[in-house]
Structures are given as C-alpha cells and as structure tokens.
Amino acid sequence: MGVVGFAQVYRAFDSIHLTHDWVLADLFVDGAARGRRVGGSLVEAVLDGARENGAHHLRVSIRSDDAYARRLYESRGFEEAGDTGEVVSYRLKLRDHH
C-alpha cells in the first residue's frame with residue numbers, strides 16, 4: 001500500500017484574537033485504510049506540530065454532512081465555530097494568548 005493518508009496545514013494569523021493559528025486545510029485517508037485510525041493519527045500529529053510550534057488554535061472546516069469528520073474532531077475537543085449550512089468550521093484552543 002502506498003500513501004494511506006495525508007494532512008495539509010498552514011499557519012494563519014487570526015486578526016480578531018491577535019493570535020497565530022494553524023489551519024488544517026485538507027485531511028485525506030485512502031479508502032482501503034479507513035477504519036484503521038489513520039485519520040485520528042493524522043489529526044494527533046497535526047496537533048502535536050501545532051503545539052510544538054506555538055499555535056494558539058487549530059482550525060478546520062468540513063462539509064456539514066460529513067458525520068465521520070464531525071465525530072473525529074469533536075472527540076478531540078474541537079468546538080463548532082460556525083455553520084453555513086454546507087460547511088461547518090471547528091476550532092480547538094491549544095493555549096492562551098497574552
């Protein structure tokens with residue numbers, strides 16, 4: 001099996017909270033690898049990287065009808081930050097800003 005999954009992240013500045021955040025722009029798990037906790041492992045790796053690099057929040061947006069992604073992020077403490085009807089935004093606070 002080749003690539004079983006990947007995560008694409010980037011740094012962003014939150015001008016409302018005046019913090020540097022990370023945005024999880026894409027999370028992909030190959031269909032053959034689903035159900036093997038690959039998605040959770042990728043999210044944990046992103047969280048570790050974000051914390052190690054001083055991010056204040058990790059943000060992600062998903063399709064509203066993606067129940068698997070909702071469970072994945074909510075099980076790790078992400079809180080809903082917005083819902084357009086088609087897209088749900090989540091945010092996880094990693095540390096306080098000063």
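These numbers were taken from a predicted model, which means no experiment stands behind them. What's counted below: heavy atoms across the whole structure, side chains too, no hydrogens, waters or symmetry copies. Positions are given from 1 along the sequence.
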Task: Results of salt bridge (Lys or Arg N to Asp or Glu O under 4.0 Å) for Asp26 - residues two or more places apart only - done: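 For Asp26, no residue satisfies salt bridge (Lys or Arg N to Asp or Glu O under 4.0 Å) once neighbours in sequence are set aside.
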
Task: For Arg34, salt bridge (Lys or Arg N to Asp or Glu O under 4.0 Å) partners two or more places apart - done: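 Arg34 satisfies salt bridge (Lys or Arg N to Asp or Glu O under 4.0 Å) with no residue once adjacent residues are dropped.
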
TODO: Evaluate whether atom CD of Glu79 has more than 12 neighbouring non-hydrogen atoms of other residues, nucleotides or ligands under 6.0 angstrom away.
DONE: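 For Glu79, atom CD is not crowded (no more than 12 foreign heavy atoms under 6.0 Å).
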
Open item on the list: Can you tell me if Arg51 has over 12 outside heavy atoms packed within less than 6.0 Å of its CZ?
Closed with: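 Correct, the count exceeds 12.
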
TODO: Check for a donor-acceptor pair, side chain of Ser64 on one end and backbone N or O of Glu86 on the other, with a separation under 3.5 Å.
DONE: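 At least one qualifying donor-acceptor pair exists.
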
Open item on the list: Apply side chain to side chain contact (heavy atoms under 4.5 Å, CB included) to residues Val46 and Leu42 and explain how you reach the verdict.
Closed with: CA-CA 6 Å; Val46 170; Leu42 287 168; 5.6 Å; no

Open item on the list: Within the 4.5 Å heavy-atom criterion, are Val60 and Val43 side-chain neighbours or not?
Closed with: no

Open item on the list: I'd like to check Leu94 versus Leu47 (side-chain heavy atoms, cut-off strictly below 4.5 Å). Are they in contact?
Closed with: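 They are in side-chain contact.
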
- [ ] Could you tell me which non-hydrogen atom of Leu24 sits nearest to which non-hydrogen atom of Ala7, and how far apart they are?
- [x]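 Minimum heavy-atom separation between Leu24 and Ala7: CD1-CB, 3.9 Å.
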
TODO: Locate the shortest heavy-atom distance separating Gly77 from Leu92; write the atom from each residue and the value.
DONE: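 What the structure gives for the nearest pair is O-CD1, 3.3 Å.
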
Side-chain donor-acceptor pairs of residues 8-15 under 3.5 Å, sequence neighbours excluded:
from  : atom 1 : to    : atom 2 : distance (Å)
Arg11 : NH2    : His20 : ND1    : 3.3
Asp14 : OD1    : Ile16 : N      : 2.9
Asp14 : OD1    : His17 : N      : 3.1
Asp14 : OD1    : His17 : ND1    : 3.4
Asp14 : OD2    : His17 : ND1    : 2.7

Task: Distance, nearest 0.5 Å, that separates CZ of Arg76 from CD of Glu44 - done: 4.5 Å

TODO: Tell me whether Tyr90 is reachable from Tyr68 by hopping between hydrophobic residues (I, L, V, M, F, W, Y) whose side-chain heavy atoms are closer than 4.5 Å.
DONE: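 Yes, Tyr68 connects to Tyr90 through the hydrophobic network.
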
